[in-house]
Amino acid sequence: MSEIAERVARVLDDPENWPDDPKEAVARQRVLADRVRVEPLDVDAVRLVAGLDVSYATDNSALSAAAVILDVQTLEVVESVAISSEPTFPYISGLFGFRELPPVLEALGALRTTPDVYLCDGFGMAHPRRFGIASHLGVLLDLPVVGSAKSVLYGKHSVPGNERGSWTPMVAGRSEVVPDSPALAREGAEVIGRVLRTRAGVKPVYVSVGHRVDLEGSAELVLRLSPKYRVPEPVRHADRLCGEHRKAVLAAKG
DNA sequence: GCGACAG
DNA sequence: ATCTTGTCGC
């Protein structure tokens with residue numbers, strides 16, 4: 001059993017990590033949020049990135065989670081795993097991790113390759129309590145995790161230029177789009193993420209620090225991982241894989 | 001109280 | 001997230 005698989009087992013087996021009540025979940029987030037750490041991320045040193053995602057059945061009776069490891073240089077799949085399970089926590093905006101992490105952790109535990117960085121489809125510190133799913137995963141396993149979301153949950157920001165690579169900062173505050181960014185970048189503003197245009201003329205993605213990475217490196221990494229499509233490749237692969245896996249399991253069971 | 005609300 | 005066909009545009 002790999003070192004990470006052991007950590008995963010410990011995390012999943014600790015009842016403290018999986019409250020049933022949303023109220024307790026929020027309290028748990030407040031405790032774990034203090035453990036989030038921002039560290040420099042040397043993007044050039046990153047070789048393998050694991051993309052994570054979960055797919056749900058319409059009736060909420062089943063789900064599949066996938067972890068796909070890609071080589072940053074070639075963007076080729078190095079290893080991929082998918083597992084099926086059932087939801088154990090309802091979808092509540094802001095408490096995403098309690099719903100998706102159990103199956104995601106199960107998938108990660110089945111991986112035999114060890115990635116340098118993990119990439120979640122969701123937020124890290126760009127969250128009301130600075131504890132989105134990317135931070136949640138990072139703290140539970142104490143590993144580097146980056147968050148890349150497709151829409152906004154929290155924070156104000158302006159719209160970046162239309163060229164690929166242009167970006168604007170997201171600062172703490174109620175979710176809101178403002179005309180210009182200068183006011184946002186002012187001294188004292190708490191930057192919690194970055195709106196990044198990964199593809200010209202297409203809706204941007206929202207990058208934020210999960211754990212043990214920095215925003216600059218996270219954005220650079222996400223941009224490298226999105227040479228052709230809006231969503232970074234590892235997440236696209238994971239999204240496709242868990243979707244197919246869920247349907248295959250459904251067909252197999254009947 | 002009202003509106004917002006990752007996947 | 002998921003359910004779904006066609007359709008507008010580069």
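Chain letters run A, B, ... following the sequence lines, proteins first and then strands; every chain starts at 1. What you see is a predicted model, and the numbers here were worked out from it, not measured in a lab.
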Set out, line by line, the N/O atom pairs under 3.5 Å between protein and nucleotides 1-3 of chain C.
{"residue": "C/dA1", "atom": "OP2", "partner": "A/K150", "partner atom": "NZ", "Å": "3.3"}
{"residue": "C/dT2", "atom": "OP1", "partner": "A/S55", "partner atom": "OG", "Å": "2.6"}
{"residue": "C/dT2", "atom": "O3'", "partner": "A/T58", "partner atom": "OG1", "Å": "3.2"}

**Asked** Which residues in residues 125-143 of chain A have at least one heavy atom lying under 4.0 Å from any atom of DNA chain B?
**Response** A/H127, A/G132, A/I133
From [X] [atom1] over to [Y] [atom2], what is the distance, rounded to the nearest 0.5 angstrom?
{"X": "A/F123", "Y": "A/I133", "atom1": "CZ", "atom2": "CD1", "value": "12.0 Å"}
{"X": "A/T88", "Y": "A/L63", "atom1": "OG1", "atom2": "CG", "value": "8.0 Å"}
{"X": "A/S55", "Y": "A/K247", "atom1": "OG", "atom2": "NZ", "value": "7.0 Å"}

**Fill in**
Of all heavy-atom pairs linking A/V202 and A/R197, the shortest is O-NH1, 2.9 Å
Whether [Y] and [X] form a salt bridge (side-chain N of Lys/Arg under 4.0 Å from carboxylate O of Asp/Glu) is what I want to check.
{"X": "A/D121", "Y": "A/K150", "value": "yes"}
{"X": "A/E190", "Y": "A/R130", "value": "yes"}
{"X": "A/E233", "Y": "A/R236", "value": "yes"}

Is there a donor-acceptor pair closer than 3.5 Å between any side-chain N or O of [X] and the backbone N or O of [Y]?
{"X": "A/E79", "Y": "A/R112", "result": "yes"}
{"X": "A/D53", "Y": "A/A238", "result": "no"}
{"X": "A/R212", "Y": "A/D142", "result": "yes"}
{"X": "A/R129", "Y": "A/A33", "result": "no"}

**Request:** Step by step, work out the salt bridge (charged side-chain N to carboxylate O under 4.0 Å, His left out) result for A/E24 and A/R28.
**Result:** CA-CA 6 Å; A/E24 295 172 25; A/R28 184 64 177 156; over 6 Å; no
Output the rounded distance in Å from [atom1] ([X]) to [atom2] ([N]).
{"X": "A/Y206", "N": "B/dC5", "atom1": "OH", "atom2": "C1'", "result": "14 Å"}
{"X": "A/R174", "N": "B/dG3", "atom1": "CZ", "atom2": "P", "result": "13 Å"}
{"X": "A/R194", "N": "B/dA6", "atom1": "CZ", "atom2": "C1'", "result": "20 Å"}
{"X": "A/F89", "N": "B/dA6", "atom1": "CZ", "atom2": "C1'", "result": "14 Å"}
{"X": "A/E176", "N": "B/dC5", "atom1": "CD", "atom2": "P", "result": "12 Å"}

**Item:** Sugar-phosphate, base or nothing in reach of A/G147, heavy atoms under 4.0 Å
**Value:** nothing
**Request:** Just call it for A/L95: base, sugar-phosphate, or nothing, with non-hydrogen atoms closer than 4.0 Å on any strand.
**Result:** base
**Prompt:** What pattern of brackets, bars and dots sums up DNA chain B from 5' to 3', given Watson-Crick or G-U wobble pairs under 3.5 Å, [ ] for crossing pairs and | for another strand?
**Reply:** .......
**Complete:** 5' to 3', nucleotides 5-10 of chain C under a 4.0 Å protein heavy-atom cut-off (B base, S sugar-phosphate only, - none) gives ------
**Complete:** A correct dot-bracket answer for DNA chain C, with pairs being Watson-Crick or G-U at under 3.5 Å, [ ] for crossing pairs and | for inter-strand pairs, is ..........
**Asked** Would you say A/S93 reaches B/dA4's phosphate, i.e. side-chain N/O to OP1/OP2 under 4.0 Å?
**Response** no
**Asked** Does a side-chain N or O from A/Y91 land closer than 4.0 Å to OP1 or OP2 of B/dA6, or not?
**Response** yes
**Complete:** The side chain to side chain contact (heavy atoms under 4.5 Å, CB included) partner of A/V49 among A/L221, A/I69, A/D116 is A/L221
Show the atom names and distances, to 0.1 Å, of all donor-acceptor pairs under 3.5 Å that link a side chain in residues 90-102 of chain A to residues at least two apart or in another chain.
{"residue": "A/R99", "atom": "NH1", "partner": "A/F89", "partner atom": "O", "Å": "2.7"}
{"residue": "A/R99", "atom": "NH2", "partner": "A/N60", "partner atom": "OD1", "Å": "2.6"}
{"residue": "A/E100", "atom": "OE2", "partner": "A/Y56", "partner atom": "OH", "Å": "3.0"}

